[in-house]
Amino acid sequence: MSAPGAGGGHGADDAPGARGAPGARGDGPGFAPVRVLPAGPHALLVELADGEHAEAFHAELLRRRVRGELPAVREIVPAARTVLLDGIHDGIHDGTGERPPGERPPRARERFARDLATWRVEPPQREGREPVEIPVVYDGPDLDEVAALWGVPAGEVAALHSRTPFRVAFCGFAPGFGYLTGLPERLHVPRRTTPRTRVPAGAVALAGPYTGVYPRPSPGGWRIVGRMPDPGALWDPAREPAALLVPGTPVRFVAVGAGDGGAGALPAPRAGDFPVGA
């Protein structure tokens, strides 16, 4: 298992069938053009300008699916600057679930790609949902290094980090691991030069523009500033959804003392809590 990267996500060259394939392009207000590429026999990879554009496009896909306006798609998977749509070989027509007589699946996917490239996507909305609160003991082994990179005393790292409103941009690396954005550029930090062979579950760490909470022990190269006392809530296969931090979820870190469990800060997510476009 590799450690999470600060710029993780799908790549067109990593998607089967994407290399060299013709793509459709489009744009929306305030965003650079969209590139839509085939990825394998039944998927499309939408390449966006940046993380904000990817978040907005993902939210628009979810809104249209809830309204019944999205063609049949089995999975919608956001990443750092892409969104993957998989399982689109059947019923690709205007939300009807029907394919016009005689139209082959590849033609259906091509039509869907052209449609996606014409979408006008509004910037993501930031209000409307209560944040998930994550308790953190700010005593990480890299706290002093992060403070030096930020140009503040070590004691101010907790205040700066916990005052920042975060949002889950996408998930990856391990079940329940969310890539959280929100830190201003001046607080972005590089990965460690030498990754650790083992990072404990619950470690709260920074890399580039992202904050993450490790749901299980694993190798990792991010800078650890603290720990979540009880990380079991991050991933629960018996729960729907299993991940506490799904894309689009607002998050707030709450500084707690070493003796505080902070369990009351974590609501149990419900299936209906999965973000539609907030």
Side-chain angles (χ1 to χ4, degrees), residues 8-28 31-124 168-173 175 178-179 240-243 246-249 271-278:
H10 318 110
D13 289 344
D14 297 329
R19 185 185 296 271
R25 291 182 178 270
D27 61 339
F31 290 124
V34 169
R35 190 179 186 208
V36 185
L37 297 167
H42 307 306
L44 290 171
L45 185 72
V46 185
E47 294 183 342
L48 293 314
D50 52 30
E52 183 180 19
H53 194 184
E55 182 180 346
F57 203 90
H58 177 242
E60 181 66 17
L61 284 163
L62 296 182
R63 279 193 293 267
R64 295 194 186 207
R65 182 163 66 178
V66 167
R67 296 197 300 254
E69 300 172 359
L70 189 69
V73 176
R74 187 175 68 248
E75 289 187 275
I76 302 173
V77 186
R81 292 176 295 277
T82 62
V83 180
L84 179 72
L85 297 96
D86 196 12
I88 56 176
H89 57 294
D90 290 319
I92 309 297
H93 289 290
D94 305 324
T96 64
E98 301 294 334
R99 181 185 295 120
E103 183 167 15
R104 295 176 297 150
R107 296 284 183 91
R109 186 176 62 165
E110 289 171 10
R111 179 183 173 189
F112 188 30
R114 290 194 298 270
D115 288 344
L116 289 170
T118 66
W119 283 15
R120 297 181 62 83
V121 178
E122 298 296 328
V168 183
F170 58 95
C171 299
F173 168 61
Y179 289 74
E240 179 59 37
V246 295
T249 302
D273 288 338
F274 194 93
V276 171

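The shown structure was predicted, so the numbers you read here are calculated from the model rather than taken from an experiment.
Minimum interatomic distance between Ala113 and Val36 (heavy atoms only, all atoms of both residues): CB-CG1, 3.7 Å. Across every non-hydrogen atom of Cys171 and Pro247, the tightest pair is SG-CD, 3.7 Å. In plain terms, the two heavy atoms of Phe112 and Ile88 that are nearest each other are CD2-CD1, 4.1 Å. In plain terms, the two heavy atoms of Gly40 and Arg109 that are nearest each other are O-NH1, 2.5 Å.
Between the CZ atom of Arg81 and the CZ atom of Phe170 there is a distance of 8.0 Å, given to the nearest 0.5 Å. Atom CZ of Arg64 and atom CG of Leu70 lie 8.0 Å apart (nearest 0.5 Å). In this structure, Glu69 CD and Leu61 CG are separated by 12.0 Å, a value rounded to the nearest 0.5 Å.
Scored by the side chain to side chain contact (heavy atoms under 4.5 Å, CB included) test, Ala43 finds Ala39, Leu84, Asp86 as partners (sequence neighbours excluded).
Between Leu44 and Val73, the closest side-chain pair of non-hydrogen atoms is not below 4.5 Å. Side-chain atoms of Ile76 and Val83, non-hydrogen and from C-beta on, do get closer than 4.5 Å to each other. Inter-residue side-chain proximity for Val46 and Val34 is flagged as met; some heavy-atom pair is nearer than 4.5 Å.
Looking at Thr82, its side chain never comes within 3.5 Å of a backbone N or O of Ala79 through a donor-acceptor pair.
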